[in-house]
There are 2 protein chains.
Amino acid sequence: MKKEFEILSRAIGDRGLRRTAQRENILKVFLAMEGHFSIENICGEAKKQFPSIGRVTVYRTMKLFEELGLAEKMDRGDGIARYEHKYNHKHHDHLVCVKCGACIEAVSPQIEKLQEALAKKYGFVPAGHKLRIFGICKNCR
Amino acid sequence: MKKEFEILSRAIGDRGLRRTAQRENILKVFLAMEGHFSIENICGEAKKQFPSIGRVTVYRTMKLFEELGLAEKMDRGDGIARYEHKYNHKHHDHLVCVKCGACIEAVSPQIEKLQEALAKKYGFVPAGHKLRIFGICKNCR
DNA sequence: ATATTGTTGAAATCGTTTTTCAATAAAAAT
DNA sequence: ATTTTTATTGAAAAACGATTTCAACAATAT
């Protein structure tokens with residue numbers, strides 16, 4: 001839970017950014033959440049400790065965290081961007097329940113390999129991929 | 001190129017919908033386009049033959065086509081919904097070029113199988129999936 | 001302490017999609 | 001054929017998430 005703050009600190013130094021209570025608070029709150037959260041979710045959580053914080057600041061800060069490799073945007077297909085932890089979290093795919101919206105993280109090394117091969121077959125230099133498997137989760141059936 | 005109109009006709013009969021020039025025109029235009037097209041693209045094309053047609057009608061009609069299994073919505077990650085043909089087109093994944101936006105359709109039966117297995121491993125009843133591989137296409141490098 | 005300049009947050013704006021609603025037109029009833 | 005019914009249309013308005021603007025503010029450098 002420390003490294004992420006170091007990354008933020010380094011970015012602040014390197015880029016001539018300023019150390020603000022908002023940024024530190026959003027990072028703290030974000031790291032404490034486990035799962036996939038919308039800006040509104042994160043902002044709501046942040047407001048508990050920092051009531052004056054604005055939605056716009058959360059948008060801007062999460063974009064910064066994305067650039068720093070701390071957060072990754074994902075979308076469940078409902079038009080709302082959600083963020084998940086990225087630092088020290090390896091790549092994974094998502095199993096999205098179409099009933100309850102639950103989102104499970106999963107990964108198959110074989111699928112990863114085959115995706116590389118598929119891209120190359122078409123002359124693509126692969127840079128990443130996003131796989132969502134939709135279905136009914138264990139709890140919902 | 002005939003079956004799709006039959007499907008529309010049948011839906012009109014079954015659901016008490018009405019046969020309108022707009023719906024037939026949008027279907028004609030959509031079938032004539034090959035690739036992935038936004039509402040604005042489709043509306044622009046439709047306007048050539050039917051100048052009075054409105055964007056809203058295209059939204060509504062494409063949603064109907066989705067329900068009828070004639071069209072499938074896909075998103076390239078840029079927030080704009082695009083439609084592709086579904087009827088008589090088997091499932092495929094998308095290779096999206098991050099430089100030029102080109103979108104190639106590809107499929108790997110092995111990946112499909114492994115996805116099923118991955119879903120089941122987590123107790124999911126899979127209902128479908130969307131895989132986008134991002135990278136640089138042959139032309140762009 | 002002061003000057004500089006990055007940051008904040010409310011309001012305004014943006015771009016896509018949806019809803020509203022009066023006018024229209026397709027199908028049914030006469 | 002005419003009238004009635006009701007689905008459909010399309011412009012305008014609203015909704016929605018996300019972005020931009022800008023004056024007030026506050027972190028850092030001088």
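All values below come from the heavy atoms of this structure, side chains included, with hydrogens, waters and symmetry mates left out. A, B, ... follow the sequence lines: proteins, then strands. Residue 1 opens every chain.
Between A/Gln22 and C/dG9 there is a side-chain N or O to OP1 or OP2 distance below 4.0 Å. Checking the phosphate oxygens (OP1, OP2) of D/dG10, a side-chain nitrogen or oxygen of B/Thr57 falls inside 4.0 Å.
Considering only heavy atoms from C-beta on, B/Thr57 comes within 4.5 Å of B/Ile26 through its side chain.
Taking atom CG of A/Asn25 as the reference point, atom C1' of C/dT8 lies 14 Å away to the nearest angstrom. For the pair A/Phe37 CZ and D/dG17 C1', the computed distance is 19 Å after rounding to whole Å. One atom, CE of A/Met62, and another, P of D/dT19, lie 13 Å apart when rounded to the nearest Å.
B/His85 places a side-chain N or O within 3.5 Å of a backbone atom of B/Met33 that can act as its donor or acceptor partner. Of the possible polar contacts, none joining the A/Arg82 side chain to the A/Gly35 backbone as a donor-acceptor pair under 3.5 Å is found. In this structure, B/His92 contributes its side chain and B/Lys90 its backbone to a donor-acceptor pair below 3.5 Å. For the pair A/Arg19 (side chain) and A/Glu24 (backbone), a donor-acceptor distance under 3.5 Å is absent. Remark: side-chain polar atoms of B/Asn41 are paired, donor with acceptor, to backbone N or O of B/Ser38 under 3.5 angstrom.
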Inset, instruction - Spell out protein contact along nucleotides 25-30 of chain D as letters: B when the base is contacted, S when just the sugar-phosphate is, - when no protein heavy atom is under 4.0 Å; keep the 5' to 3' order. - result: -BBS--
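Note on residues 44-63 of chain B: no pairs pass ring pair (Phe, Tyr, Trp, His ring centres under 6.0 Å), not counting sequence neighbours.
The closest side-chain donor-acceptor pair between A/His89 and A/Glu105, if any, does not fall under 3.5 angstrom.
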Protein and nucleotides 10-19 of chain C: nitrogen or oxygen contacts under 3.5 angstrom:
unit_1: C/dT17; atom_1: OP1; unit_2: B/Ala81; atom_2: N; d: 3.0
unit_1: C/dT17; atom_1: OP2; unit_2: B/Tyr59; atom_2: OH; d: 2.8
unit_1: C/dT17; atom_1: O5'; unit_2: B/Tyr59; atom_2: OH; d: 3.4

